[in-house]
Structure formats: structure tokens, C-alpha cells
Amino acid sequence: VMRDAIDLAVFRELQDTAGAEFVAELVDTFLAEAPAMLAELRAARAATDGERFRRAAHSLKSNGMTFGATTLGRLARALELAGLDADPARDAEAIAAVDAAYADAAAVLKELARG
């Protein structure tokens with residue numbers, strides 16, 4: 001598991017502010033909802049719906065940044081800002097990178113949330 005998938009300072013600050021128990025609930029919610037966000041990103045790409053694509057990328061970015069998932073946040077932000085690429089293969093590659101970053105972040109978040 002990539003330890004650097006989560007910025008620990010950001011995560012600990014969230015715990016200090018919101019309380020470890022509440023953050024654990026937030027993590028559970030994020031882990032339950034993120035696969036749908038990733039699926040939405042793919043569906044929007046397939047439908048060439050730029051607005052849906054940006055919204056899905058934005059959701060992933062915001063959630064990622066909240067938990068200190070900086071790589072996930074950065075990659076999702078790039079998709080949000082760029083919108084649909086003229087070349088679907090480039091988007092497919094970028095979405096795969098977001099997927100991988102999410103998988104890394106999710107594994108570390110599960111550990112951290114359990115304390």
C-alpha cells in the first residue's frame with residue numbers, strides 16, 4: 001500500500017477538528033460513494049457529456065482533498081479543469097490513473113479510520 005497516498009497532516013487535522021469517530025463515518029461514506037463517482041466519470045466520458053464529466057471529477061477532487069488524498073485530488077482536478085479530451089484514449093488513461101490513486105487512498109484511509 002502506498003503510504004503517501006494520504007497526507008497524514010491533513011488527515012490528522014481533520015480528525016482533530018471533526019473528531020476521529022465522525023471522520024471514520026465520513027471515510028465509510030466516501031468509500032461507499034467513490035466507486036459510483038468513478039463510474040459516473042466513465043459514463044460521462046462514454047456519453048461525451050462534458051458537464052457530467054466535470055461534475056464527477058469535481059466530486060472526486062473535493063472528497064480526495066478533504067481526506068488528504070493529494071494524488072487523487074490532483075489527478076481529478078486535472079480532469080475537472082481540462083474537461084473532455086479530444087482523444088478518448090487519453091481520458092481513458094487519465095481515468096485509470098484516478099482509479100489507481102483512489103485504490104491506494106482507499107486502502108490507507110481504511111487503515112487510518114480504524115485507528
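Atom set for the values below is all heavy atoms of this structure, side chains included, hydrogens, waters and symmetry mates excluded. Source: prediction; values computed, not measured. Along the sequence shown, residues carry numbers from 1.
A pairwise comparison of heavy atoms in L31 and P35 identifies O-CD, 3.2 Å as the closest pair. Among all heavy-atom pairs drawn from D91 and G83, the shortest one is OD1-O, 4.2 Å. The two residues A34 and Y102 have their closest heavy-atom pair at CB-CE1, 3.3 Å. A97 approaches L75 most closely through the heavy-atom pair O-CD1, 3.6 Å. Contact detail for T66 and L14: the closest heavy-atom pair is O-CD2, 3.5 Å. Closest approach of K61 and G73 over heavy atoms only: CG-O, 3.6 Å.
The pair R54-E80 does not meet the salt-bridge criterion, since no charged nitrogen lies less than 4.0 angstrom from a carboxylate oxygen.
Side-chain atoms of R45 come within 3.5 Å of backbone atoms of D85 as a donor-acceptor pair (strictly under, hydrogens ignored). At distances below 3.5 Å, not a single donor-acceptor pair connects side-chain atoms of T48 with backbone N or O atoms of A44. Side-chain N or O atoms of D49 include one that pairs as donor or acceptor with a backbone N or O of R52 at under 3.5 Å.
The CZ atom of F30 sits 7.0 Å away from atom CG of L109, with the distance rounded to the nearest 0.5 Å. Note that CZ of R77 and OG1 of T70 are 13.0 Å apart. Values are rounded to the nearest 0.5 Å. Rounding to the nearest 0.5 Å places CG of L41 at 12.0 Å from CZ of R55. Here E13 contributes atom CD and D7 contributes atom CG; the two are 9.5 Å apart, rounded to the nearest 0.5 Å.
In the hydrophobic cluster analysis, where Ile, Leu, Val, Met, Phe, Trp and Tyr join through side-chain heavy atoms closer than 4.5 angstrom, V27 is grouped together with L8. If you chain together hydrophobic residues whose side chains sit under 4.5 Å apart, M65 and V23 never meet in one group.
When side chains are defined from C-beta on, E33 counts as touching T29, because their heavy atoms get closer than 4.5 Å. Proximity of F22 to L26: side-chain heavy atoms (C-beta onward) are separated by under 4.5 Å at one or more points. A 4.5 Å side-chain heavy-atom check between D4 and V108 finds every atom pair outside the cut-off.
Here the rule is side-chain contact (heavy atoms from CB on, under 4.5 Å) with L72, and of N63, V98, I6 only V98 fits it.
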Apply side chain to side chain contact (heavy atoms under 4.5 Å, CB included) to F67 and L112, showing your working. CA-CA 10 Å; F67 294 113; L112 290 172; over 6 Å; no
